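Structure provided below as structure tokens; questions to follow.
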Amino acid sequence: MDPSRVSAILRAVRAIPRGTVSTYGEVARAAGLPGRARLVGRVLREAPGSAAVPWHRVVAAGGRLAVAAYAPHAAVTQRMRLEREGVRFTRGGRVRLDTSVGAGRKSRIFPG
DNA sequence: CTGTTGACCAAGG
DNA sequence: ACCTTGGCCAACA
């Protein structure tokens, strides 16, 4: 991977405010890599847990916890951390994109 | 070198 | 609300 892209993505993730979430696609755009949502997931997968990146604030479109398909246990951790920050969930285990702290309307999840 | 595989996504059915 | 399709493209077999 191009290290500059990696750092751009990690920077975008670090910019997500506490108590809010963003999506892979949105992080990709914020990192100047529109349409490359998959790359965000790949980078987060390779990112060491020691790195100071709030990976738990990144969810899939619609508030789904995409990490569940990759590491079911991680999804539990993600939900715990988000709830501790005040993020609300729906019955189906999705993040409430409309009422999360600081969430803004439809697609604008965190202000750039 | 080609083929498949994804922490994805938007649109259409 | 779920499923399929086509787009995406780096890593991996």
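The figures here come from the full heavy-atom set of this structure, side chains too, leaving out hydrogens, waters and symmetry mates. A note on names: the letters A, B, ... follow the listed sequences, proteins ahead of strands, and every chain is numbered from 1. Source: prediction; values computed, not measured.
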Separation of B:dA10 atom P from A:L97 atom CG, nearest Å, is 11 Å
To the nearest angstrom, the CZ-P distance between A:R45 and C:dC9 comes to 17 Å
- Would you call A:E83 and A:R88 a salt bridge, using N to O less than 4.0 angstrom? no
Output for pair (A:Y24 OH, A:L39 CG), nearest 0.5 Å, gives 12.5 Å
Do the side chains of A:V21 and A:L82 get nearer than 4.5 Å, heavy atoms only?
yes
A:E46 atom CD is separated from C:dA11 atom P, nearest whole Å, by 7 Å
Among B:dC8, B:dC9, B:dA7, the one nearest any side-chain atom of A:L44 is B:dA7
In whole angstroms, the gap separating P of B:dC8 from CZ of A:R94 amounts to 13 Å
A:M1 CE to C:dC9 P, in whole Å, measures 12 Å
Checking A:E85, A:R79, A:Q78 against A:H56 for side-chain hydrogen bond (donor to acceptor under 3.5 Å, both in side chains), the one that qualifies is A:E85
Taken to the nearest whole Å, CZ/A:R42 to C1'/B:dC9 is 15 Å
**Asked** Does NZ or CZ of A:R96 come closer than 6.0 Å to the centre of the six-membered ring of A:F89, within 45° of the ring's axis?
**Response** no
A:D2 CG to C:dC8 P, in whole Å, measures 19 Å
Original post:
When all nucleic acid strands are considered with a 4.0 Å heavy-atom cut-off, which category describes A:A61: base, sugar-phosphate, or nothing?
Top reply: sugar-phosphate
Closest non-hydrogen atoms of A:R94 and A:G62, given as atom of the first, atom of the second and distance, are CD-O, 3.6 Å
Numerically ordered, the residues 31-39 of chain A set in heavy-atom contact under 4.0 Å with DNA chain B is A:A37, A:R38
Checklist entry - Is any side-chain nitrogen or oxygen of A:R5 closer than 4.0 Å to OP1 or OP2 of C:dA10? => result yes
Taken to the nearest whole Å, CZ/A:R29 to C1'/C:dG7 is 15 Å
For A:T23 and A:A60, the nearest pair of non-hydrogen atoms, with its separation, is CG2-O, 4.0 Å
